[in-house]
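A short write-up of the structure that comes next.
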Amino acid sequence: MFYPGWLNHVPVCRNPPVSVSLLHMIESRLAAHRPARPWLRPLMKRSAVALVLQVREGELHILMIKRAEREGDPWSGHMAFPGGRMDPGDAHGYAVALRETREEVGLDLARQGRCIGRLSDLNARPHRGTFGMAVSPFVFRVDRSLHFQLNYEVAEVVWVPLEFLLDNANRDTMRWQRNRITLNMPCYHFGKYRIWGLSLAMLDELMDLIEGGSQRRRSWRRR
């Protein structure tokens, strides 16, 4: 089994298991983390997502969704986190993450989980005539069994082991093309799923909190 660099900073004992120690480390470091926010955020559109952590069968996992294939949706079929745009009735980004997660996968994080911190806002692809969209990621832990009810926006839910993401050998690249622009982008191939883009940028920040910066996770992500 692969044991990444963070293990050097976690007391190794049989009780609690290493995965629980990793979760405690994440919680502690998120509490001290100062996430970045775009200085133009008051002028930007807003959205939020939920990164849900759970120890499953002795291993720490993060919940991702595969978005349904929908015409006109720029994130159609992508791997993502539950979340979406702010509605007029949402008081703040945290409320957006709670509402969207409940609507998309039927998970009530206010009752079934606990928010342990947040990551830096990311600037999603700007639309013409706007300042772009600030995406606020909130991190939750869930300690109970879950039952999902997916809405039309979600094709399936996928639990991804943190150990898989922390192993740099699993890091890969892909060619991204839009119009005449072609770029090599970092990604993971987790079985039949490809994790990249904004979702990967959020995961990279979380993994940087766990084990520090990595050459394979250089600062390619947009703020």
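The basis for the numbers below is simple: all heavy atoms, side chains too, and nothing from hydrogens, waters or symmetry mates.
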Closest approach of [X] and [Y], non-hydrogen atoms and distance?
X	Y	result
Tyr152	Ala68	O-CB, 3.4 Å
Trp196	Cys187	CB-CB, 3.8 Å
Gly113	Val142	CA-CG2, 3.9 Å
Ala97	Ala48	N-CB, 3.9 Å
Gly58	Ser19	O-OG, 3.0 Å
Ala50	Leu109	CB-CD1, 3.7 Å

Is any side-chain heavy atom of [Y] closer than 4.5 Å to one of [X]?
X	Y	result
Pro38	Leu122	no
Ser199	Met79	no
His33	Arg118	no
Leu30	Leu119	yes
Glu153	Glu103	no
His61	Gln54	no
Leu53	Ile116	yes
Leu107	Gln112	yes

- Query: Regarding Arg171 and Tyr188, is there a side-chain donor-to-acceptor distance under 3.5 Å anywhere?
  - Reply: yes
Nearest 0.5 Å, what's the [atom1]-[atom2] distance between [X] and [Y]?
X	Y	atom1	atom2	answer
Phe81	Ile195	CZ	CD1	7.5 Å
Asp108	Leu146	CG	CG	11.0 Å
Arg194	Leu200	CZ	CG	11.5 Å
Asp143	Arg114	CG	CZ	7.5 Å
Asn170	Phe190	CG	CZ	9.5 Å
His78	Glu69	NE2	CD	8.5 Å

Among the clusters formed by ILVMFWY side chains lying less than 4.5 Å apart, do [X] and [Y] turn up in the same one?
X	Y	answer
Val20	Val52	no
Met25	Leu165	yes
Leu51	Val105	no
Leu162	Met64	yes
Val157	Met202	no

- Between Asp90, Thr101, Val135, Asp87, which is the residue that forms a side-chain contact (heavy atoms from CB on, under 4.5 Å) with Val96? Asp90
- Query: Side chain of Arg37, backbone of Asp121: donor and acceptor closer than 3.5 Å?
  - Reply: no
- So, the side chain of Arg46 versus the backbone of Met86: is there a donor-acceptor pair under 3.5 Å, distance only? no
- Starting from the C-alpha separation in whole Å, work towards a yes-or-no answer on side-chain contact (heavy atoms from CB on, under 4.5 Å) for Val49 and Glu100. CA-CA 8 Å; Val49 299; Glu100 286 283 343; over 6 Å; no
- Please state whether the rings of Tyr94 and Phe138 are parallel, tilted or perpendicular, taking 30° and 60° as the class boundaries. perpendicular
- Query: Phe148 vs Trp159 aromatic rings, parallel, tilted or perpendicular, using cut-offs 30° and 60°?
  - Reply: tilted
- Item | side-chain contact (heavy atoms from CB on, under 4.5 Å) between Ile26 and Leu209, intermediate numbers included | CA-CA 7 Å; Ile26 292 172; Leu209 284 176; over 6 Å; no
- Salt bridge Arg67-Glu104, side-chain N to carboxylate O under 4.0 Å: yes
- Stepwise, does the side-chain contact (heavy atoms from CB on, under 4.5 Å) test hold for Leu22 with Glu163? CA-CA 10 Å; Leu22 173 58; Glu163 184 177 292; over 6 Å; no
- Task: Please test Lys66 against Lys192 for side-chain contact (heavy atoms from CB on, under 4.5 Å), starting from the C-alpha separation and ending with a verdict.
- Result: CA-CA 11 Å; Lys66 185 177 187 296; Lys192 64 179 181 179; 6.0 Å; no
- Query: Does CD belonging to Gln149 count more than 12 external heavy atoms closer than 6.0 Å?
  - Reply: no
